[in-house]
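Letters A, B, ... are given to chains in the order of the sequence lines, protein chains preceding strands, and every chain is numbered from 1. These numbers come from the heavy atoms of this one structure, side chains and all, not from hydrogens, waters or symmetry mates.
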Number of protein chains: 2
Amino acid sequence: MLHDPAQLDLMFQALADPARRQMVDRLSRGPASVSQLAEPLAMSLSAVVQHLNLLEASGLVRTQKLGRVRTCQIEPTALRAAEHWINERRLAWERRLDRLGEFLAETKDET
Amino acid sequence: MLHDPAQLDLMFQALADPARRQMVDRLSRGPASVSQLAEPLAMSLSAVVQHLNLLEASGLVRTQKLGRVRTCQIEPTALRAAEHWINERRLAWERRLDRLGEFLAETKDET
DNA sequence: TAAACACTGAAGCATTTACTTAACTATTGC
DNA sequence: GCAATAGTTAAGTAAATGCTTCAGTGTTTA
(Lines give C-alpha, C1' and ligand atoms only; values in the text may rest on other atoms or scores of the structure.)
Protein backbone atom coordinates (compact mmCIF):
# COMPACT_ATOMS: atom_id res chain seq x y z
CA MET A 1 0.00 0.00 0.00
CA LEU A 2 2.78 2.37 0.87
CA HIS A 3 4.98 1.28 -2.01
CA ASP A 4 2.35 1.61 -4.66
CA PRO A 5 3.61 4.03 -7.33
CA ALA A 6 0.43 6.13 -7.31
CA GLN A 7 0.83 6.81 -3.60
CA LEU A 8 4.49 7.72 -4.11
CA ASP A 9 3.42 10.09 -6.87
CA LEU A 10 1.04 11.80 -4.50
CA MET A 11 3.61 12.03 -1.72
CA PHE A 12 6.45 13.41 -3.78
CA GLN A 13 4.09 15.72 -5.61
CA ALA A 14 2.79 16.97 -2.27
CA LEU A 15 6.36 17.64 -1.13
CA ALA A 16 7.27 19.42 -4.37
CA ASP A 17 5.44 22.60 -3.43
CA PRO A 18 7.15 25.05 -1.05
CA ALA A 19 3.89 26.04 0.63
CA ARG A 20 3.05 22.42 1.35
CA ARG A 21 6.56 21.72 2.61
CA GLN A 22 6.19 24.71 4.90
CA MET A 23 2.95 23.22 6.21
CA VAL A 24 4.63 19.85 6.83
CA ASP A 25 7.48 21.67 8.53
CA ARG A 26 5.05 23.49 10.79
CA LEU A 27 3.27 20.24 11.61
CA SER A 28 6.54 18.52 12.45
CA ARG A 29 6.62 20.84 15.47
CA GLY A 30 3.13 19.81 16.58
CA PRO A 31 -0.51 19.68 15.51
CA ALA A 32 -2.18 22.78 14.10
CA SER A 33 -5.53 24.02 12.88
CA VAL A 34 -6.12 25.10 9.29
CA SER A 35 -5.95 28.79 10.27
CA GLN A 36 -2.69 28.25 12.14
CA LEU A 37 -1.23 26.54 9.08
CA ALA A 38 -2.44 29.41 6.92
CA GLU A 39 -1.10 32.18 9.11
CA PRO A 40 2.51 32.37 7.79
CA LEU A 41 1.46 31.75 4.18
CA ALA A 42 0.82 34.58 1.74
CA MET A 43 -2.33 33.14 0.23
CA SER A 44 -6.05 32.81 0.88
CA LEU A 45 -7.41 30.35 3.44
CA SER A 46 -9.14 28.64 0.56
CA ALA A 47 -5.82 27.97 -1.16
CA VAL A 48 -4.44 26.55 2.08
CA VAL A 49 -7.41 24.17 2.39
CA GLN A 50 -6.72 22.96 -1.14
CA HIS A 51 -3.06 22.31 -0.28
CA LEU A 52 -4.13 20.57 2.90
CA ASN A 53 -6.50 18.30 1.00
CA LEU A 54 -3.61 17.28 -1.24
CA LEU A 55 -1.43 16.59 1.78
CA GLU A 56 -4.19 14.47 3.28
CA ALA A 57 -4.78 12.59 0.01
CA SER A 58 -1.06 11.83 -0.14
CA GLY A 59 -1.22 10.32 3.33
CA LEU A 60 1.40 12.69 4.72
CA VAL A 61 -1.08 14.46 6.98
CA ARG A 62 -4.07 13.24 8.93
CA THR A 63 -6.83 15.57 10.09
CA GLN A 64 -9.84 15.38 12.35
CA LYS A 65 -12.56 17.87 12.90
CA LEU A 66 -13.81 18.70 16.38
CA GLY A 67 -16.55 21.29 16.41
CA ARG A 68 -15.60 23.87 13.84
CA VAL A 69 -11.82 23.41 13.91
CA ARG A 70 -9.93 20.88 11.84
CA THR A 71 -6.76 19.75 13.58
CA CYS A 72 -3.91 18.47 11.44
CA GLN A 73 -1.12 16.05 12.31
CA ILE A 74 1.81 14.52 10.51
CA GLU A 75 1.54 10.86 9.56
CA PRO A 76 5.11 9.62 10.08
CA THR A 77 4.44 6.33 8.29
CA ALA A 78 3.98 8.12 4.97
CA LEU A 79 7.09 10.23 5.49
CA ARG A 80 8.96 7.02 6.20
CA ALA A 81 7.74 5.51 2.92
CA ALA A 82 9.05 8.42 0.86
CA GLU A 83 12.31 8.38 2.79
CA HIS A 84 12.59 4.65 2.22
CA TRP A 85 12.14 4.87 -1.54
CA ILE A 86 14.95 7.39 -1.86
CA ASN A 87 17.16 5.52 0.58
CA GLU A 88 16.91 2.21 -1.27
CA ARG A 89 18.00 3.77 -4.56
CA ARG A 90 20.84 5.67 -2.99
CA LEU A 91 22.09 2.57 -1.15
CA ALA A 92 21.84 0.46 -4.31
CA TRP A 93 24.03 3.01 -6.07
CA GLU A 94 26.53 3.22 -3.23
CA ARG A 95 26.78 -0.55 -2.84
CA ARG A 96 27.49 -0.74 -6.56
CA LEU A 97 30.29 1.79 -6.20
CA ASP A 98 31.74 -0.21 -3.31
CA ARG A 99 31.75 -3.44 -5.31
CA LEU A 100 33.38 -1.61 -8.19
CA GLY A 101 36.05 -0.27 -5.85
CA GLU A 102 36.78 -3.73 -4.47
CA PHE A 103 36.97 -5.16 -7.96
CA LEU A 104 39.43 -2.51 -9.05
CA ALA A 105 41.55 -3.05 -5.94
CA GLU A 106 41.64 -6.81 -6.56
CA THR A 107 42.54 -6.60 -10.21
CA LYS A 108 45.31 -4.18 -9.31
CA ASP A 109 46.72 -6.80 -6.90
CA GLU A 110 46.67 -9.40 -9.63
CA THR A 111 48.92 -7.54 -12.06
CA MET B 1 23.16 25.04 -1.58
CA LEU B 2 21.53 21.70 -1.00
CA HIS B 3 19.04 23.00 1.52
CA ASP B 4 17.85 25.90 -0.56
CA PRO B 5 14.08 25.61 -1.04
CA ALA B 6 14.25 26.07 -4.80
CA GLN B 7 16.57 23.08 -5.12
CA LEU B 8 14.27 21.00 -2.90
CA ASP B 9 11.34 22.03 -5.12
CA LEU B 10 13.20 20.76 -8.15
CA MET B 11 14.21 17.51 -6.47
CA PHE B 12 10.80 16.59 -5.11
CA GLN B 13 9.14 17.69 -8.30
CA ALA B 14 11.54 15.51 -10.25
CA LEU B 15 10.65 12.54 -8.04
CA ALA B 16 6.91 13.18 -8.34
CA ASP B 17 6.71 11.74 -11.85
CA PRO B 18 6.59 7.95 -12.24
CA ALA B 19 8.63 7.99 -15.46
CA ARG B 20 11.36 10.00 -13.77
CA ARG B 21 11.32 7.75 -10.72
CA GLN B 22 11.67 4.79 -13.06
CA MET B 23 14.70 6.47 -14.62
CA VAL B 24 16.24 7.08 -11.19
CA ASP B 25 15.49 3.48 -10.29
CA ARG B 26 17.23 2.26 -13.43
CA LEU B 27 20.23 4.49 -12.72
CA SER B 28 20.48 3.21 -9.15
CA ARG B 29 21.55 -0.10 -10.74
CA GLY B 30 24.30 1.58 -12.77
CA PRO B 31 24.97 4.23 -15.42
CA ALA B 32 22.93 4.27 -18.62
CA SER B 33 22.67 6.10 -21.92
CA VAL B 34 19.60 8.12 -22.89
CA SER B 35 18.38 5.33 -25.19
CA GLN B 36 18.81 2.75 -22.46
CA LEU B 37 16.78 4.91 -20.10
CA ALA B 38 14.13 5.33 -22.77
CA GLU B 39 13.87 1.67 -23.68
CA PRO B 40 11.35 0.54 -20.98
CA LEU B 41 9.32 3.76 -21.18
CA ALA B 42 6.24 4.07 -23.41
CA MET B 43 7.08 7.50 -24.78
CA SER B 44 9.20 9.18 -27.41
CA LEU B 45 12.94 9.63 -26.97
CA SER B 46 12.34 13.34 -27.02
CA ALA B 47 10.04 13.12 -24.00
CA VAL B 48 12.69 11.10 -22.18
CA VAL B 49 15.30 13.76 -22.89
CA GLN B 50 12.98 16.37 -21.42
CA HIS B 51 12.55 14.27 -18.27
CA LEU B 52 16.28 13.75 -18.12
CA ASN B 53 16.93 17.47 -18.35
CA LEU B 54 14.64 18.00 -15.37
CA LEU B 55 16.46 15.30 -13.42
CA GLU B 56 19.76 16.95 -14.23
CA ALA B 57 18.49 20.43 -13.29
CA SER B 58 17.33 19.02 -9.98
CA GLY B 59 20.82 17.71 -9.29
CA LEU B 60 19.62 14.12 -8.91
CA VAL B 61 21.39 12.96 -12.04
CA ARG B 62 24.67 13.95 -13.63
CA THR B 63 25.42 13.32 -17.30
CA GLN B 64 28.40 13.52 -19.59
CA LYS B 65 28.62 13.20 -23.30
CA LEU B 66 31.30 11.14 -24.98
CA GLY B 67 31.04 11.08 -28.73
CA ARG B 68 27.36 10.81 -29.52
CA VAL B 69 26.20 9.04 -26.37
CA ARG B 70 25.21 10.82 -23.18
CA THR B 71 25.88 8.68 -20.13
CA CYS B 72 23.82 9.30 -17.01
CA GLN B 73 24.64 8.65 -13.38
CA ILE B 74 22.93 9.14 -10.07
CA GLU B 75 24.20 11.95 -7.86
CA PRO B 76 23.84 10.44 -4.37
CA THR B 77 24.45 13.79 -2.65
CA ALA B 78 21.18 15.18 -3.99
CA LEU B 79 19.26 12.05 -3.03
CA ARG B 80 20.73 12.41 0.43
CA ALA B 81 19.50 16.01 0.65
CA ALA B 82 15.91 15.03 -0.13
CA GLU B 83 16.13 12.12 2.27
CA HIS B 84 17.52 14.42 4.92
CA TRP B 85 14.72 16.97 4.63
CA ILE B 86 12.08 14.31 5.17
CA ASN B 87 14.04 12.63 7.93
CA GLU B 88 14.44 15.82 9.96
CA ARG B 89 10.70 16.50 9.95
CA ARG B 90 9.81 12.95 10.82
CA LEU B 91 12.33 12.85 13.67
CA ALA B 92 11.11 16.20 15.01
CA TRP B 93 7.60 14.79 15.11
CA GLU B 94 8.68 11.52 16.75
CA ARG B 95 10.84 13.25 19.35
CA ARG B 96 7.84 15.41 20.19
CA LEU B 97 5.73 12.30 20.68
CA ASP B 98 8.40 10.81 22.94
CA ARG B 99 8.56 13.91 25.12
CA LEU B 100 4.79 13.89 25.34
CA GLY B 101 4.86 10.25 26.41
CA GLU B 102 7.41 10.91 29.11
CA PHE B 103 5.45 13.87 30.35
CA LEU B 104 2.29 11.81 30.59
CA ALA B 105 4.12 9.00 32.39
CA GLU B 106 5.59 11.44 34.90
CA THR B 107 2.37 13.24 35.66
CA LYS B 108 0.73 9.85 36.18
CA ASP B 109 3.40 8.99 38.81
CA GLU B 110 2.74 12.23 40.58
CA THR B 111 -0.93 11.59 41.24
C1' DT C 1 31.35 9.64 -48.45
C1' DA C 2 26.87 7.98 -47.45
C1' DA C 3 23.87 5.88 -44.26
C1' DA C 4 22.75 4.79 -39.67
C1' DC C 5 22.86 6.21 -34.94
C1' DA C 6 22.26 8.95 -30.70
C1' DC C 7 20.53 12.50 -29.42
C1' DT C 8 18.66 17.72 -29.39
C1' DG C 9 15.48 21.67 -29.89
C1' DA C 10 11.42 24.09 -31.20
C1' DA C 11 6.58 24.38 -31.77
C1' DG C 12 2.12 22.98 -30.61
C1' DC C 13 -1.47 21.03 -27.72
C1' DA C 14 -4.33 18.88 -23.96
C1' DT C 15 -4.29 18.54 -19.14
C1' DT C 16 -3.16 19.76 -14.57
C1' DT C 17 -1.82 23.06 -11.02
C1' DA C 18 -2.07 26.89 -8.03
C1' DC C 19 -4.18 30.16 -7.17
C1' DT C 20 -8.36 33.84 -6.88
C1' DT C 21 -13.08 35.48 -5.49
C1' DA C 22 -17.56 34.75 -3.87
C1' DA C 23 -21.17 32.35 -1.85
C1' DC C 24 -22.13 29.02 1.66
C1' DT C 25 -22.37 25.81 6.07
C1' DA C 26 -21.60 24.73 10.47
C1' DT C 27 -20.05 26.15 15.54
C1' DT C 28 -19.38 29.07 19.32
C1' DG C 29 -19.81 33.11 22.30
C1' DC C 30 -22.43 37.01 23.86
C1' DG D 1 -31.02 34.66 18.37
C1' DC D 2 -27.17 37.17 16.08
C1' DA D 3 -22.66 37.94 15.04
C1' DA D 4 -18.24 36.34 14.73
C1' DT D 5 -15.40 32.35 13.81
C1' DA D 6 -13.55 28.33 11.17
C1' DG D 7 -13.73 26.13 7.43
C1' DT D 8 -15.73 24.42 2.77
C1' DT D 9 -17.09 24.45 -2.08
C1' DA D 10 -17.54 25.99 -6.79
C1' DA D 11 -16.20 28.49 -10.72
C1' DG D 12 -12.86 30.80 -13.22
C1' DT D 13 -8.10 31.78 -14.88
C1' DA D 14 -3.12 32.14 -15.89
C1' DA D 15 0.79 29.46 -15.96
C1' DA D 16 3.16 25.10 -15.84
C1' DT D 17 3.54 20.12 -17.26
C1' DG D 18 3.90 16.17 -20.12
C1' DC D 19 3.60 14.82 -23.93
C1' DT D 20 3.71 14.82 -29.47
C1' DT D 21 5.89 15.50 -34.16
C1' DC D 22 9.26 17.17 -37.06
C1' DA D 23 13.34 19.03 -38.45
C1' DG D 24 17.74 19.42 -37.18
C1' DT D 25 23.24 18.39 -35.33
C1' DG D 26 27.11 15.88 -34.58
C1' DT D 27 29.44 10.97 -34.63
C1' DT D 28 30.37 6.52 -36.03
C1' DT D 29 30.47 2.73 -39.23
C1' DA D 30 30.49 0.38 -43.61
Side-chain angles (χ1 to χ4, degrees), chain A residues 5-27 30-75 82, chain B residues 4-27 30-74 82:
Chain A
Q7 197 67 16
L8 282 171
D9 273 16
L10 289 175
M11 287 194 297
F12 284 120
Q13 199 141 160
L15 292 173
D17 186 275
R20 285 191 296 261
R21 272 206 313 284
Q22 208 177 321
M23 292 167 75
V24 169
D25 189 50
R26 165 64 187 80
L27 290 175
S33 70
V34 176
S35 319
Q36 286 174 327
L37 283 180
E39 196 260 331
L41 299 172
M43 66 181 68
S44 71
L45 188 63
S46 183
V48 172
V49 170
Q50 288 171 61
H51 281 306
L52 181 57
N53 289 340
L54 260 183
L55 283 170
E56 197 168 17
S58 77
L60 288 167
V61 167
R62 198 156 34 93
T63 76
Q64 54 190 343
K65 199 158 185 173
L66 269 173
R68 65 186 168 183
V69 12
R70 171 145 76 136
T71 306
C72 312
Q73 296 199 346
I74 279 205
E75 186 55 73
Chain B
D4 124 62
Q7 197 67 17
L8 283 170
D9 273 16
L10 291 175
M11 287 193 298
F12 283 120
Q13 198 142 152
L15 293 173
D17 187 274
R20 287 191 295 263
R21 271 206 314 284
Q22 206 177 324
M23 291 166 76
V24 169
D25 188 49
R26 165 65 187 80
L27 290 175
S33 70
V34 177
S35 320
Q36 286 175 325
L37 283 180
E39 197 260 328
L41 298 171
M43 65 181 71
S44 72
L45 189 63
S46 185
V48 172
V49 170
Q50 289 171 59
H51 281 305
L52 181 57
N53 289 341
L54 259 184
L55 283 170
E56 196 167 18
S58 77
L60 289 167
V61 166
R62 198 157 34 92
T63 76
Q64 53 188 344
K65 199 154 185 175
L66 269 172
R68 65 185 166 180
V69 12
R70 171 145 75 134
T71 307
C72 313
Q73 294 198 347
I74 278 205

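- Atom CD of B/Gln50 and atom C1' of D/dA16 are 13 Å apart (whole Å).
- Residues B/Gln64 and B/Thr71 bring no donor and acceptor atom of their side chains to less than 3.5 Å of each other.
- Between the NE2 atom of B/His51 and the P atom of D/dT17 there is a distance of 12 Å, rounded to whole Å.
- Side chains of A/Val49 and A/Val34 form a contact here, defined as non-hydrogen atoms less than 4.5 Å apart.
- Within the 4.0 Å cut-off from OP1 or OP2 of D/dT8, at least one side-chain nitrogen or oxygen of A/Arg70 is found.
- Applying the 4.0 Å criterion to OP1 and OP2 of D/dA6, one finds that A/Ser33 has every side-chain N and O outside that range.
- Rounded to a whole Å, the CG atom of A/Leu45 is 13 Å from the C1' atom of C/dT21.
- None of A/Gln22, A/Arg20, A/Glu56 except one satisfies the side-chain hydrogen bond (donor to acceptor under 3.5 Å, both in side chains) rule with A/His51; the exception is A/Arg20.
- A salt bridge between A/Arg26 and A/Glu39 is absent, with no side-chain N of the basic residue lying under 4.0 Å from a carboxylate O of the acidic one.
- Note: CZ (B/Arg20) to C1' (D/dG18) measures 8 Å, nearest angstrom.
- Along DNA chain C, the nucleotide closest to A/Ala16 and the one closest to A/Gly67 are compared, and the more 5′ of them pairs with A/Ala16.
- Distance B/Gln22 CD to D/dG18 C1': 15 Å, rounded to the nearest Å.
- Atoms CG (B/Leu66) and P (C/dC7) sit 12 Å apart, rounded to a whole Å.
- With D/dT20, D/dG18, C/dC19 as the candidates, the nucleotide lying closest to the side chain of B/Ser44 is D/dT20.
- Counting any heavy atom pair closer than 4.0 Å across all strands shown, B/Ser46 reaches a base atom.
- As rounded to whole Å, 9 Å separates atom C1' of C/dT25 from atom NZ of A/Lys65.
- Taking the side chain of B/Val49 as heavy atoms from C-beta on, and the options C/dT8, D/dC19, D/dT28, the nearest nucleotide is C/dT8.
- For the pair B/Ser35 and C/dA6, the criterion of a side-chain N or O lying under 4.0 Å from OP1 or OP2 is not met.
- When rounded to the nearest whole Å, the span between CD of B/Glu39 and C1' of C/dC7 equals 17 Å.
- For B/Gln13 and D/dT17, the shortest distance from a side-chain N or O to OP1 or OP2 is below 4.0 Å.
- Tested against A/Leu60 for a side-chain contact (heavy atoms from CB on, under 4.5 Å), the candidates A/Met11, A/Glu75, A/Met23 yield a single pass: A/Met11.
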